[in-house]
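Working notes, structure below.
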Amino acid sequence: MELENNTAVSEFILMGFPHSKGMRIPLFTLFLCIYILTLLGNFLLILTVTGDPHLHRPMYLFLMNLSYLDIWLATVTEPKMLTTFSEQTKAISFQGCMTQLYFFHFFGSTECFLYTVMAYDRFLAICHPLHYPTLMSLKLCAKFATLVWVAGSIHAMIHTSLTLRLRFCGPNRIDYFFCDVIPLLKLACEDTTANKAMIITSIGAVALMCFILIVVSYIHILQTIMKIKSSEGRRKTFSTCASHMISVFLFFGPPVFIYLAPNSMNYFIEETIAVFYTTVTPMLNPIIYSLRNKEVITALRTITNKFFKSPN
């Protein structure tokens with residue numbers, strides 16, 4: 001993709017997360033710890049799934065893809081955000097900004113599509129258990145995973161291409177902690193109506209449609225669960241879906257507010273919401289899926305015991 005356009009701006013200044021000078025070191029330490037925990041938690045979950053043959057099933061292969069996405073989504077934004085706590089390293093080149101924009105929407109939209117596929121997987125497993133091995137084979141699982149990555153790439157390419165068509169000839173200060181579409185539109189020197197329309201239809205509306213599909217899947221799942229006569233059976237079946245439901249609400253809620261209503265929030269509220277789903281949610285996902293899943297906990301204990309087992 002060509003990363004040049006007719007613009008007088010060669011670099012942008014990322015102002016970062018709003019903070020006082022006294023909060024610079026505490027916030028840097030906080031976000032650094034969050035980033036490290038995100039990497040450790042998701043890498044550990046990936047190793048657990050790949051290292052235990054019992055977890056080589058569609059549900060856990062989708063979960064492994066989610067961990068990969070969380071690692072990359074956090075890596076696209078957090079390292080650069082950490083540098084903005086220093087007065088000397090707030091600049092980002094025009095090419096670097098467009099690259100960050102592309103990969104943020106690539107991994108973010110891919111994760112959005114993946115959550116939808118994961119809900120469909122749970123729908124098939126719970127509502128059609130007898131046909132599940134046929135309806136969701138490992139081969140089909142791999143095709144779904146490939147499809148969501150390709151769809152995410154196309155989605156990101158559309159927004160990056162539209163942004164590259166704009167002229168940036170004046171202010172270059174981005175009141176945000178990474179390069180995203182909405183803050184960049186505010187700096188453009190020409191009409192951004194088409195870009196804003198694409199934001200509403202292709203980001204906000206797509207995310208909302210995915211969320212609706214997930215809700216519909218879980219309505220059917222809950223109806224099936226309520227038909228189970230055993231209370232223990234209902235609890236066990238519901239527990240397999242609870243982790244996914246929590247992650248969905250943590251991931252989908254914030255972006256819908258931001259992208260369905262561009263320019264309607266002040267910077268502080270918008271950045272606070274963005275920080276939550278770009279940094280906090282990727283850190284929480286491996287914790288949520290591990291603590292509520294006995295199979296993952298058992299596999300994690302097995303791998304941990306093998307690793308720390310002293311040689312005879």
Side-chain angles (χ1 to χ4, degrees), residues 42 45 49 57-74 103-129 131-132 134-159 198-225 237-260 276-278 281-282 284-286 288-289 292-293:
N42 283 288
L45 192 55
V49 173
R57 305 202 303 270
M59 173 182 172
Y60 296 106
L61 294 180
F62 287 136
L63 183 56
M64 189 170 63
N65 274 268
L66 180 63
S67 288
Y68 277 118
L69 286 168
D70 281 336
I71 289 171
W72 287 113
L73 184 62
F103 281 107
F104 171 74
H105 283 277
F106 174 27
F107 298 126
S109 56
T110 301
E111 190 158 329
C112 172
F113 298 136
L114 181 62
Y115 275 121
T116 308
V117 172
M118 290 172 72
Y120 177 66
D121 173 68
R122 291 299 84 206
F123 163 74
L124 293 178
I126 294 173
C127 299
H128 303 282
H131 302 286
Y132 177 72
T134 304
L135 295 173
M136 186 59 74
S137 62
L138 288 177
K139 186 177 181 180
L140 184 58
C141 170
K143 289 181 179 179
F144 269 124
T146 302
L147 182 62
V148 298
W149 283 86
V150 172
S153 177
I154 295 172
H155 186 265
M157 203 174 296
I158 292 172
H159 289 283
M198 183 58 69
I199 288 173
I200 294 174
T201 57
S202 184
I203 300 181
V206 167
L208 189 60
M209 287 175 60
C210 288
F211 183 73
I212 291 172
L213 289 173
I214 292 170
V215 170
V216 171
S217 296
Y218 273 98
I219 288 174
H220 287 287
I221 289 172
L222 290 174
Q223 289 175 341
T224 302
I225 291 175
T237 305
F238 182 78
S239 67
T240 63
C241 303
S243 301
H244 184 247
M245 292 172 66
I246 294 171
S247 295
V248 164
F249 281 105
L250 290 176
F251 180 81
F252 277 87
V256 168
F257 285 108
I258 292 176
Y259 295 112
L260 275 181
F276 189 82
Y277 77 89
T278 58
T281 301
L284 292 178
N285 273 343
I288 293 170
Y289 280 100
R292 299 191 62 89
N293 191 303

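Heavy atoms only: backbone and side chains are in, while hydrogens, waters and symmetry mates are out. Everything numeric in this text was worked out from a predicted model, so none of it was measured.
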Look only at the side chain of Ser153 and the backbone of Trp149, and say whether a donor-acceptor pair between them is shorter than 3.5 Å.
no
Quick one: does Asn65's side chain have a donor or acceptor within less than 3.5 Å of a partner on Leu114's backbone?
no
Determine, stepwise, if the pair Lys143 / Leu138 fulfils side chain to side chain contact (heavy atoms under 4.5 Å, CB included).
CA-CA 9 Å; Lys143 289 181 179 179; Leu138 288 177; over 6 Å; no
What about the rings of Phe249 and Phe211, do their centers lie closer together than 6.0 Å?
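Ring-ring flag for Phe249/Phe211: true, centres closer than 6.0 Å.
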Between His128 and Phe123, ring centroids under 6.0 Å
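Ring centres of Phe123 and His128 closer than 6.0 Å.
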Please work out which of the three classes, parallel, tilted or perpendicular, describes the rings of Phe103 and Phe106, given edges at 30° and 60°.
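Because their plane-to-plane angle lies in the 30° to 60° range, the rings of Phe106 and Phe103 count as tilted.
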What heavy-atom pair brings [X] and [Y] nearest, and what distance separates the two atoms?
| X | Y | value |
| --- | --- | --- |
| Ala119 | Tyr218 | CB-CE1, 3.9 Å |
| His155 | His105 | ND1-O, 4.5 Å |
| Leu73 | Gly108 | CD1-N, 4.0 Å |
| Thr224 | Ile126 | CG2-O, 3.6 Å |
| Ala145 | Phe62 | N-CE2, 4.3 Å |
| Thr110 | Gly152 | OG1-CA, 3.3 Å |

What's the spacing between [X] [atom1] and [Y] [atom2] if we round to 0.5 Å?
| X | Y | atom1 | atom2 | answer |
| --- | --- | --- | --- | --- |
| Leu66 | Met118 | CG | CE | 5.5 Å |
| Leu63 | Arg57 | CG | CZ | 11.5 Å |
| Leu135 | Asp121 | CG | CG | 10.5 Å |
| Asp70 | Thr278 | CG | OG1 | 11.0 Å |
| Met136 | Cys141 | CE | SG | 6.5 Å |
| Trp72 | Ser67 | CH2 | OG | 14.0 Å |

Distance only, no hydrogens: is a donor on one side chain within 3.5 Å (strictly under) of an acceptor on the other, for Asn42 and Tyr68?
no
Min side-chain heavy-atom separation Ile71-Pro282 under 4.5 Å
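Sidechains of Pro282 and Ile71: no contact.
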Do Met64 and Leu45 come close enough that some side-chain heavy atom pair is under 4.5 Å?
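Answer no - side chains too far apart.
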Check step by step if side chain to side chain contact (heavy atoms under 4.5 Å, CB included) holds for Leu213 and Tyr120.
CA-CA 9 Å; Leu213 289 173; Tyr120 177 66; over 6 Å; no
Run the numbers on Ser217 and Ile214 for side chain to side chain contact (heavy atoms under 4.5 Å, CB included), then give the verdict.
CA-CA 5 Å; Ser217 296; Ile214 292 170; 5.6 Å; no
Under the criterion ring pair (Phe, Tyr, Trp, His ring centres under 6.0 Å), which of Phe107, Phe276, Tyr115 is the partner of Phe251?
Tyr115
